[in-house]
Amino acid sequence: MAEYRFSALRQAINRPLPPVTTSGERVSETFASKVFTFSVMEKYLSRDTYAAVRRAVDEGGVADMSIADQVATGLKAWAIENGATHYTHWFHPLTDTTAEKHDAFIESCDKGRLLESFPGNLLIQQEPDASSFPSGGIRNTFEARGYTAWDVSSPAFIVGTTLCIPTVFVSYTGEALDYKAPLLKALGALDTVAAEVCRYFDKDVKRVVATLGIEQEYFLIDEALYHARPDLVLADRTLMGHQSAKDQQLSDHYFGSIPERVMTFMREFEQEAYRLGIPVKTRHNEVSPNQFECAPLFEEANLAIDHNQLLMETMKRVARRHRYRVLFHEKPFAGVNGSGKHCNWSLHTDTGVNLLAPGHNPKTNLQFITFLVNVLKCVNDNQDLLLASVMSATNACRLGGHEAPPSVMSVFLGDYLSDMLDNIARKVTDRKMSPSLKTELKLGIGKIPGILLDNTDRNRTSPFAFTGNRFEYRAVGSSANCSAPVIALCTALAAQLTRFRDEVEPLIAKGRKRDEAILHVLKHYIADSGRICFNGDGYSEEWHKEAVRRGLYSGSGVPETVSRYLSPRSVQLFTSMGVLTEKELISRTEVEFEKFVKKVQIEARVLGDVAINHIVPVAVRYMTVLSDNVRGLKELFPSGEYERLAGARKDLIVEISDHITMIKKLTAQMIQERKRANVIESMYERAVAYENMVKPFLSDIRYHIDKLEMVVDNSMWPFPKYRELLFTR
Ligand code: ADP
Ligand code: MG
């Protein structure tokens, strides 16, 4: 068995560097060459058709069915010219990956001939037999078919020889079965009310879009070593492994020079990303050994999310060519940093203003403060929902560690803004304000510096940090589809801005000046939201205590946190904003509970298997070696001398034997608990049983395996160790 480990190591170490396939072509020339962009459309579509598509995209509406045939004809011509033979609707089921089902561009015509064809109805809508996708009970098998429908706001693209058309995925009864359908609704709801609020400050604003810049963290592991670890192959993370003597304590990996083999991989996937129109910009080594990050320029949120999903797929594909496996799991290795997907998020108007950046005069700054405070209030009032939206079996392994945002929501604003908001809360009066007070406030607001924070002032321990011109939602997990948190955030903010508008309007109607009315409402929001603001160290023990004192929500386990989607407040929020119905919310949480159960179940099975079939036999074999040795000593030495010599070995035999006993006992108990949990009818209760009764065994069993790893002969140990997985590049 151990031979397998050593052969994997030999392969990994002797791996020749793959050839550099990048040709040095200029990005500006190849960028989006595989995308049906507006400029391509202009060439392939008639002027009227092009104008209709453009209108649908700019106005955020749906495409008119009557243009479908013309668009499909143009799209097909372009795709075939660019080597495509197949097309697929590309969608985001509730599985965290994307789904596709390829069809060839063919249609039979008479005399056994084939014709290349792609009619408009296939562009607009398809009916994948998708009964095996998670639906949380919405689609019983008798109504198994869902359909996918074209999302005009995200352009079609070609991967390999397949034309991919971004779509939403809904059931025949109209319920969303994916992430994109509610995402588009949430973005739409936010657009409408945010634009209304903007018009208090600028009459010309027609649209507000949410923007997103997604920093993606990941690990790279040599393929041979990866295959020698059943836990990595089946569970995407290591379920055992003693800490390496050296890992990240010297911080010598973070921002270090990128290893050549890794660099070749990065250049190749980046080039593919460029062709797909993904503007990847930043690359660097992360904190943990063999951990890296990639970040594109920000884009409109829906597109940014499509691009992030596509980027992950591209990275996985390219990694194989380089004999790597890329791990997107949030916590592949215990004891070193896990991976997040920081969502940098802001709001931009069609007049070119970033609503979360300070402006240049009192008017734009009051607008900035208005949006900032509404975000604050929205995070304060929906802490549990925002946590629910990032919670999963995998992200739970990372959150709350001393390297990742805690599983309590808080917002970092920095001292300057905190003081400014305090000032507003203290000084603004409910009565008519004196002219001198108004001037004072105006001066203060007008003076906000354009660049609020520099890098050194950034707080990296906050789950939701203001970073000068945007918020960075850092609690999102690296493997997640970030639609879920963006849906929660945008829906909650849409509801919050609606409330804001409904509170400001009556004041204006009563004759208060607009700015005064706004400040008056903001004053109360600031006071209400004080408890969510925290500028200190979010990883510290004190903060955890302080958060409890402040009464902030901190979930107790994954199922309980996820169930917050179903709190009366959340249901009211999603239904009132028209984003998700109660039925859809119930089905979604059901899917999440089931996903959680299955993930923990798989981990428990893998660990049980590895423990009993791999670790215990090796430990027993080493015990036999020791016993033989002890017996040999007895033959060779007189009894007094023998006792002195054999003592340490005997102790070791006992130690190993005790660990083996515990592993066998705990594994048997874990199997019992699984059996008990599996018959629980309610998926929520089953998930709770997995959380409380099954999951703890994972670390308990691991403890004994990791102890054995330290004492069993290295040449017998069957699996690549942490030092090998993390330091082979
Ligand atoms: P960090 O220093 O936090 O690691 P990075 O440079 O890795 O920063 O990533 C910052 C991300 O924030 C980029 O994707 C960038 O495009 C994005 N970003 C910048 N401004 C905005 C904005 N207004 N809206 C959304 N995202 C933004
Ligand atoms: Mg970064």
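For this chain, numbers begin at 1 and follow the sequence in order. When a ligand or atom number is given, it counts from 1 through the structure's own listing order. Reckoned from all heavy atoms, side chains included, excluding hydrogens, waters and symmetry mates.
The distance between the ring centers of F219 and F333 falls below 6.0 angstrom. Ring to ring, H348 and F298 are close: their centroids are under 6.0 angstrom apart. A distance below 6.0 Å separates the ring centres of F471 and F464.
Relative to the six-membered ring of F38, R54 meets both conditions, a distance below 6.0 Å and an angle of at most 45° to the axis. Taking the ring axis of Y324 as reference, the NZ or CZ atom of R261 stays within 45° of it and closer than 6.0 Å to the ring centre.
In this structure, H348 has a heavy atom closer than 4.0 Å to ligand 1. Residue E293 places a heavy atom under 4.0 Å from ligand 1. Not close to ligand 1: K281, with no non-hydrogen atom less than 4.0 angstrom away.
For the pair F298 and ligand 1, the shortest N or O to N or O distance falls below 3.5 Å. Residue W345 has no nitrogen or oxygen atom sitting less than 3.5 Å from a nitrogen or oxygen atom of ligand 1, judged on distance alone. Residue P296 has at least one N or O atom closer than 3.5 Å to an N or O atom of ligand 1.
Atoms of ligand 1 found under 4.0 Å from any heavy atom of N354, numbered from 1 in the order shown, are 23 (N). Proximity to L297 (heavy-atom distance under 4.0 Å) selects the following atoms of ligand 1: 16 (O).
Within the structure, every pair that satisfies the salt bridge (Lys or Arg N to Asp or Glu O under 4.0 Å) test and touches residues 368-380, not counting sequence neighbours, is listed here: K377-D381, K377-D528.
Atom 6 (O) of ligand 1 has its nearest heavy-atom neighbour, among T211, T282, T467, in T282. Atom 25 (C) of ligand 1 has its nearest heavy-atom neighbour, among I214, N469, N344, V209, in N344.
R275 places none of its side-chain heavy atoms less than 4.5 Å from the side chain of F31.
A donor atom on one side chain and an acceptor atom on the other are found under 3.5 Å apart for H92 and D306.
Under 4.0 angstrom from ligand 1, there are no non-hydrogen atoms of H342.
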